[in-house]
Colleague: 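Have a look at this one.
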Protein chains: 2
Amino acid sequence: MSPRPDPDALGFVLTDVARMLRGAFERRIANAGLGLTPGEARTLVRIATLEGGRQLDIAQRLGIEPMTLSTYLDRLQSLGYVERRPDPADRRAKLIFTTPAAGAMIAGIRTEQVELMRQVTSGIAEEDVDLIRDRLRQLRANLSALEEDSSALAPARGTGR
Amino acid sequence: MSPRPDPDALGFVLTDVARMLRGAFERRIANAGLGLTPGEARTLVRIATLEGGRQLDIAQRLGIEPMTLSTYLDRLQSLGYVERRPDPADRRAKLIFTTPAAGAMIAGIRTEQVELMRQVTSGIAEEDVDLIRDRLRQLRANLSALEEDSSALAPARGTGR
DNA sequence: GCGCATAGTAAGGTCCGCTTACGATAAGCC
DNA sequence: GGCTTATCGTAAGCGGACCTTACTATGCGC
């Protein structure tokens, strides 16, 4: 029963690593002249795996609110990396596609990402890296569940679900 | 050689987890009525372990810039959780102490933190949690090294985009 | 047609963190 | 002593990520 929180507790360490990682990624992307923010990069990558998806779907996959995604899309679109096409089946909806120009950018992101992670994980056995990733995915799943719980409690309008 | 980044790559997962964790922590702290932001909580906890330290030291431990810390201290001080006392040995410096009132707050933070992490790590073996924490600390160390390198190079960043 | 749900967005807010510039003090050097 | 340079903290202001609230346009059941 130590009476105070451990500054090396998992939560704090995780936060630290994420913050620093973001900073490092930012520097890399800036140096590489890619001209994207980390959030935009993440979004673009995710879109590439959900080619032709609706904004709501993509937002959900990214774990962000539709409005946040909308802002990123504005940027990505103005940079010519994605297109919003009307959904022929539903005129309210728009389908998101990457443009050919995005290919090089995505490859560039991947390069930076791989290289950065290579540096950052140096000194850690490959199995351990895999294990960490696996367990973090579990954490992410748990957190998703938590978020649903709390939004279920939340007194919101509609409250689908 | 897969031609595109994996959205489940370690870096992305880490970022996801951190963002969601922050959100969950925020909700918890808000619900508990503690009235601190996560950054302030982290700062307060760290101060408690460095009782009487200088701001520069604390900032370094937290991995943030002194100015950022200064802002947090303003808040924590106005809430009555910390004190800035002049350093008798150096009149430029100030030493940071927690107040008695901070005790309950720190205990509260700990409670929330422990409870949250319990939920979040559910389904993961305890050894694995420890292992993750250890390896993440290694990552953090690597990132610290990276940051030092890059600040040594001091590349003009910015790129208005 | 009417009402309500849903897709996207405009507007604006919070939090975290950074940089730049500056005043006050300390410390080194002549 | 007096000058210069380094260091501690801070005022001011910025960018990025994400959120909530409120609105438009469309779809859909009745």
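The structure displayed is predicted, hence computed values, not measured ones. Below, each value reflects all heavy atoms present in this structure, side chains not excepted, and no hydrogens, waters or symmetry copies. Each chain gets a letter, A, B and so on, in the order its sequence line appears, and its residues count up from 1.
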Colleague: What is the distance, rounded to the nearest whole Å, between atom CD1 of A/Ile64 and atom C1' of C/dT9?
Modeller: 14 Å

Colleague: Which nucleotide, C/dA7, D/dA11, C/dA11, lies nearest any side-chain atom of B/Asp74?
Modeller: D/dA11

Colleague: Just checking, is any N or O donor in the side chain of A/Thr98 or A/Glu51 under 3.5 Å from an acceptor N or O on the other one?
Modeller: yes

Colleague: At 4.0 Å (heavy atoms only), tell me whether B/Asp90 reaches a base, stays on the sugar-phosphate, or touches nothing.
Modeller: sugar-phosphate

Colleague: To the nearest angstrom, how far is A/Leu76 atom CG from D/dA17 atom P?
Modeller: 11 Å

Colleague: On a heavy-atom basis, which atom in B/Ala48 and which in B/Ile106 lie closest, and how many Å separate them?
Modeller: CB-CD1, 3.6 Å

Colleague: Roughly, in whole Å, what's the span from CD in A/Glu65 to C1' in C/dG8?
Modeller: 13 Å

Colleague: Can you tell me if the side-chain N/O atoms of B/Arg42 get under 4.0 Å from OP1 or OP2 in C/dC16?
Modeller: no

Colleague: Could you tell me the separation between the CZ atom of B/Phe25 and the C1' atom of D/dC19, rounded to a whole number of Å?
Modeller: 19 Å

Colleague: How would you label the contact of B/Arg75 with the nucleic acid (heavy atoms, under 4.0 Å): base, sugar-phosphate, or nothing?
Modeller: nothing

Colleague: Is any side-chain nitrogen or oxygen of A/Arg92 closer than 4.0 Å to OP1 or OP2 of C/dT9?
Modeller: no

Colleague: On DNA chain C, does the nearest nucleotide to A/Thr15 precede the nearest nucleotide to A/Ile96 from the 5' side, or the other way round? Give the residue.
Modeller: A/Ile96

Colleague: Reading DNA chain C from 5' onward, which residue's closest nucleotide shows up sooner: B/Glu40 or A/Thr71?
Modeller: A/Thr71

Colleague: Separation of B/Met67 atom CE from C/dG23 atom P, in whole Å?
Modeller: 16 Å

Colleague: If each of B/Gln55 and A/Tyr72 is mapped to the nucleotide of DNA chain D with the nearest heavy atom, which maps nearer the 5' terminus, i.e. the 5' end?
Modeller: B/Gln55

Colleague: Measure from the side-chain heavy atoms of B/Arg19 and tell me the nearest of C/dC16, D/dC18, C/dG8.
Modeller: D/dC18

Colleague: Rounded to the nearest 0.5 Å, what separation is found between the NZ atom of A/Lys94 and the CZ atom of A/Arg85?
Modeller: 14.0 Å

Colleague: Could you tell me whether A/Thr68 contacts a base, only the sugar-phosphate backbone, or nothing, with contacts defined as non-hydrogen atoms closer than 4.0 Å?
Modeller: base

Colleague: If the threshold is 4.0 Å, N to carboxylate O, is there a salt bridge linking B/Arg42 and A/Asp16?
Modeller: yes

Colleague: Can you check the A/Gln60 CD to C/dG8 C1' distance for me, whole Å?
Modeller: 16 Å

Colleague: Would you indicate which nucleotide in D/dA17, C/dA7, C/dC15 comes nearest to any side-chain atom of A/Arg22?
Modeller: D/dA17

Colleague: Compare side-chain N and O positions of A/Arg54 against OP1 and OP2 of C/dG8 and report whether any pair is under 4.0 Å apart.
Modeller: no

Colleague: Taking CD1 from B/Ile58 and C1' from D/dG9, how many angstroms apart are they, rounded to a whole number?
Modeller: 12 Å

Colleague: Let me see the working for B/Leu50 and B/Asp57 under side chain to side chain contact (heavy atoms under 4.5 Å, CB included), right down to the final yes or no.
Modeller: CA-CA 9 Å; B/Leu50 293 173; B/Asp57 294 343; 5.6 Å; no

Colleague: Between B/Arg54 and B/Asp87, does any NZ, NE, NH1 or NH2 come within less than 4.0 Å of an OD or OE carboxylate oxygen?
Modeller: yes

Colleague: Regarding D/dT26, can its base be found pairing with the side chain of A/Arg91 as donor and acceptor, where the two atoms are less than 3.5 Å apart?
Modeller: no

Colleague: Can you tell me how far P of D/dA25 sits from NZ of A/Lys94, to the nearest Å?
Modeller: 12 Å

